[in-house]
**Q** 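Before we start, here is the structure in question, set down as structure tokens.
When a residue number appears, it is its place in the shown sequence, counting from 1. First listed ligand is number 1; within each ligand, the first listed atom is number 1. For the numbers below, each heavy atom of this structure counts, side chains included, while hydrogens, waters and symmetry mates do not. What you see is a predicted model; the values in this text were computed from it and never measured.
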Amino acid sequence: MMILLTGGAGYIGLHTAAVLVEAGHEVVLFDNFSNSKPAGLKRLEAIIGRAVPCVEGDVRSRQDLDGLFDQYPIGAVVHFAGLKAVGESQAQPLRYYDNNVGGSLALLAAMQRAEVRRIVFSSSATIYGNADSNPIPETAALRPANVYGRSKLMVEEILRDLHAAAPGWSIALLRYFNPVGAHPGGLIGEDPNDIPNNLMPFVTQVAVGRRPELQVFGGDYPTPDGTGVRDYIHVMDLAEGHRAALDWALRDPRELLTANLGTGRGCSVLELVRAFEQVSGKAIPHRIVARRAGDVAACWSDPSLARERLGWTATRSLDDMCRDAWNWQRNNPQGFA
Ligand code: NAD
Ligand code: UD1
């Protein structure tokens with residue numbers, strides 16, 4: 001039996017593939033390379049020491065998906081494929097709904113045809129929007145403040161409706177907080193196109209000399225040092241969270257489980273910058289500028305449900321995240337290019 005990773009050539013997909021293969025799973029990746037490069041696959045193969053099947057195709061194409069399910073003995077799906085840039089989603093809503101919602105619908109229909117009823121879905125903490133308080137439990141109100149977040153919430157709703165109508169399905173909705181870092185070997189990592197939107201890749205690109213300075217968006221938030229607070233989680237911990245969710249789904253619980261994947265600890269922008277400077281020995285020139293529209297002051301998870309239901313807990317520290325992010329960037333100043 002094989003595990004299908006849609007969007008498997010992306011940042012989280014590659015790391016999860018490495019963890020799953022190491023745990024003894026057979027995987028097949030499926031990606032249209034709209035936000036990833038085939039070079040990443042070669043690196044994955046170097047890490048695990050053998051070839052990994054990867055099919056190039058689009059998750060919105062029933063033809064591509066039906067061919068995939070006919071070709072491989074797929075028993076469960078981890079559905080990463082999607083677009084994830086918040087600003088772009090506001091400017092191109094139809095493209096985001098088509099890709100993220102339309103792609104998920106096509107995938108679910110293809111799974112139904114192939115009688116595959118186990119799925120782990122990449123949701124996001126962004127669906128909580130501006131939460132009333134921290135830490136955020138799974139029961140918090142869902143109020144996404146942008147198109148990207150709404151597309152994730154729509155897919156969650158579709159999966160809840162599917163489960164209500166067809167209880168034979170085992171469905172895990174994983175709400176990621178802020179994934180950062182890289183595989184410790186430095187062969188795979190985050191490789192954003194253009195100017196990074198997210199903090200950690202921006203910091204590593206400053207450290208490696210690709211950008212002159214970091215702009216810190218807002219120094220007057222009601223947080224201990226005035227900068228935004230987030231729950232950064234090492235991508236290897238996140239990958240292990242997927243392994244735990246998959247093992248749960250493979251036991252056929254026929255349930256729908258919704259779990260935060262985070263550390264439960266908040267970290268400010270300045271704390272992250274200081275940790276990175278210490279670990280890397282590189283100064284990160286930075287300047288406090290105006291707040292970024294749409295940002296919340298603070299957001300961190302209550303991760304206890306994942307511990308109780310999946311037996312999973314994040315174990316890696318902020319220093320580990322900085323060290324591995326730096327190791328990747330230093331060895332690959334231009335990413336996979
Ligand atoms: P990524 O862009 O690196 O990976 C997504 C992959 O999906 C890419 O390889 C892309 O080429 C592929 N893809 C996109 N549309 C496709 C389509 N129509 N058909 C086939 N392949 C397609 O992003 P990531 O950081 O690895 O994120 C993976 C998932 O996790 C996404 O769904 C994202 O929304 C979600 N997520 C990410 C974060 C984060 O901070 N990275 C946080 C919360 C949730
Ligand atoms: C962003 C997305 C969120 C997505 C997440 C993925 C927005 C509004 N939200 O969240 O939907 O799920 O990425 O990880 O875009 N910062 C700087 N300077 C920078 C970049 C960021 O100061 O150059 C600050 C931000 O203001 C924030 C923190 O760093 O306080 C983290 O930002 P980022 O990495 O973009 O993540 P989120 O905003 O949490």
**Q** Would you please write out the protein residues whose heavy atoms approach any atom of ligand 1 to under 4.0 angstrom, listed by chain and number?
**A**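 The answer is Gly7, Ala9, Gly10, Tyr11, Ile12, Asp31, Asn32, Phe33, Ser34, Asn35, Ser36, Gly57, Asp58, Val59, Arg60, Phe80, Ala81, Gly82, Lys84, Asn99, Ser122, Ser123, Ser124, Tyr148, Lys152, Tyr176, Pro179, counting any residue whose heavy atom sits under 4.0 Å from ligand 1.
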**Q** Any chance you could lay out the salt bridge (Lys or Arg N to Asp or Glu O under 4.0 Å) test for Glu45 and Lys42, step after step, and finish with the verdict?
**A** CA-CA 5 Å; Glu45 292 180 344; Lys42 293 287 157 230; 3.4 Å; yes
**Q** Among all protein heavy atoms, pick the one closest to atom 4 (C) of ligand 2 and tell me residue, atom and distance.
**A**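 Of every protein heavy atom, Tyr148 CE2, 4.4 Å lies nearest to atom 4 (C) of ligand 2.
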**Q** With sequence neighbours excluded, give me every ring pair (Phe, Tyr, Trp, His ring centres under 6.0 Å) pair touching residues 37-83.
**A**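 Residue pairs passing ring pair (Phe, Tyr, Trp, His ring centres under 6.0 Å), neighbours aside: His79-Phe121, Phe80-His242.
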**Q** Applying ring pair (Phe, Tyr, Trp, His ring centres under 6.0 Å), which residue pairs with at least one partner in residues 19-44 are found, sequence neighbours left out?
**A**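 Checked against ring pair (Phe, Tyr, Trp, His ring centres under 6.0 Å) - neighbours excluded - no pair reaches residues 19-44.
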**Q** Test of understanding: given a 4.0 Å heavy-atom threshold, classify the contact between Arg291 and ligand 2 as side chain, backbone, both, or neither.
**A**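 Within the 4.0 Å criterion, Arg291 makes no contact with ligand 2.
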**Q** Is it the case that more than 12 heavy atoms not belonging to Arg210 sit under 6.0 Å from its CZ atom?
**A**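 Yes, because the 6.0 Å sphere around CZ of Arg210 holds more than 12 heavy atoms from other groups.
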**Q** Starting from atom 2 (C) of ligand 2, which protein heavy atom do you reach first, and at what distance in Å?
**A**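 Sorting protein heavy atoms by distance from atom 2 (C) of ligand 2 puts Val86 CG2, 3.6 Å first.
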**Q** Any heavy-atom pair between the side chains of Asp66 and Arg113 that's under 4.5 Å?
**A**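 A side-chain contact under 4.5 Å exists here.
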**Q** Measuring from atom CD of Gln215 to atom NE2 of His286, what distance do you get when rounded to the nearest 0.5 angstrom?
**A**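 Those atoms lie 12.5 Å apart.
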**Q** What part of Asp295, side chain from CB on, backbone N/CA/C/O, both or neither, has a heavy atom under 4.0 Å from ligand 2?
**A**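 It is the side chain that touches ligand 2; the backbone stays farther off.
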**Q** Is there a donor-acceptor pair closer than 3.5 Å between any side-chain N or O of Asp58 and the backbone N or O of Asp64?
**A**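 Side chain of Asp58 to backbone of Asp64, a donor-acceptor pair under 3.5 Å: no, none is there.
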**Q** Any idea which protein heavy atom is nearest atom 18 (N) of ligand 2, and the distance to it?
**A**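 For atom 18 (N) of ligand 2, the nearest protein heavy atom is Gln215 O, 2.7 Å.
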**Q** At less than 4.0 angstrom from any non-hydrogen atom of Asn197, what atoms of ligand 2 do you find?
**A**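 Atoms satisfying the 4.0 Å criterion: 20 (C), 35 (O).
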**Q** For Met200, is there any backbone N or O sitting under 3.5 Å from a side-chain donor or acceptor partner on Asn198?
**A**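 No, the answer is negative, given that no donor and acceptor are paired below the 3.5 Å cut-off.
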**Q** Taking the minimum heavy-atom distance to atom 12 (O) of ligand 2, which of Ser124, Ser89, Ala85 ranks first?
**A**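 The residue whose heavy atom sits nearest atom 12 (O) of ligand 2 is Ser124.
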**Q** Using residues 273-284 as the side-chain source, report each donor-acceptor pair under 3.5 Å to any protein atom, sequence neighbours left out, with the distance given to one decimal.
**A**
unit_1	atom_1	unit_2	atom_2	d
Glu277	OE2	Ile284	N	2.7
Ser280	OG	Phe276	O	2.7
Ser280	OG	Lys282	N	3.1

**Q** Please say which of Asp324, Thr315, Thr263 ends up in a side chain to side chain donor-acceptor pair (under 3.5 Å) with His234.
**A**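 Among Asp324, Thr315, Thr263, the one that satisfies the side chain to side chain donor-acceptor pair (under 3.5 Å) with His234 is Asp324.
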**Q** State whether the side chain of Trp312 and the backbone N or O of Asp237 hold a donor-acceptor pair below 3.5 Å, judged by distance alone.
**A**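 Between the backbone of Asp237 and the side chain of Trp312 there is a qualifying donor-acceptor contact (under 3.5 Å).
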**Q** Please report which non-hydrogen protein atom sits nearest to atom 34 (O) of ligand 2, along with the residue it belongs to and the distance in Å to one decimal place.
**A**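 Atom 34 (O) of ligand 2 sits closest to the protein heavy atom Leu199 N, 2.9 Å.
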**Q** Find all atoms of ligand 2 within a distance of less than 4.0 Å from any non-hydrogen atom belonging to Asn178, and give their numbers and elements.
**A**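 Reading through ligand 2 atom by atom, the close ones are 14 (O), 36 (O), 37 (P), 39 (O).
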**Q** If hydrogens are left out, which of Tyr176, Phe202, Phe217, Tyr232 has an atom nearest to atom 19 (C) of ligand 2, that is, the closest non-hydrogen atom?
**A**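 Looking at heavy atoms only, the winner is Phe217.
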**Q** With heavy-atom distances below 4.0 Å as the criterion, list the atoms of ligand 2 near Val216.
**A**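 Answer, ordered by atom number: 22 (O).
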**Q** Non-hydrogen atoms of Gly149 versus ligand 2: any pair closer than 4.0 Å?
**A**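 Heavy atoms of Gly149 never come under 4.0 Å of ligand 2.
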**Q** Which protein heavy atom lies closest to atom 11 (O) of ligand 2, and at what distance to 0.1 Å?
**A**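 For atom 11 (O) of ligand 2, the nearest protein heavy atom is Thr126 OG1, 3.0 Å.
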**Q** Of Arg211, Arg292, Arg230, which has the heavy atom at the shortest distance from atom 32 (O) of ligand 2?
**A**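 Answer by nearest heavy atom: Arg292.
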**Q** Check Leu238, Ile47, Val235 against His15 for a side chain to side chain contact (heavy atoms under 4.5 Å, CB included) and give me the one that passes.
**A**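 Result: among Leu238, Ile47, Val235, Val235 is the only option passing the side chain to side chain contact (heavy atoms under 4.5 Å, CB included) with His15.
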**Q** Students should be able to answer this: which protein heavy-atom is nearest to atom 6 (C) of ligand 2, and at what distance?
**A**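 Atom 6 (C) of ligand 2 sits closest to the protein heavy atom Asn198 ND2, 4.0 Å.
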**Q** For Asp31 and Ala9, indicate whether the former's side chain and the latter's backbone hold a donor-acceptor pair under 3.5 Å.
**A**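 Yes, the answer is positive, given that a donor and an acceptor are paired below the 3.5 Å cut-off.
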**Q** For the CG atom of Asn134 and the CZ atom of Arg230, what is their distance to the nearest 0.5 Å?
**A**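 Answer for the CG-CZ pair, Asn134 versus Arg230, is 9.5 Å.
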**Q** Give me the residue, atom name and distance of the protein heavy atom closest to atom 24 (C) of ligand 2.
**A**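 Looking at atom 24 (C) of ligand 2, the protein heavy atom closest to it is Val269 CG2, 3.7 Å.
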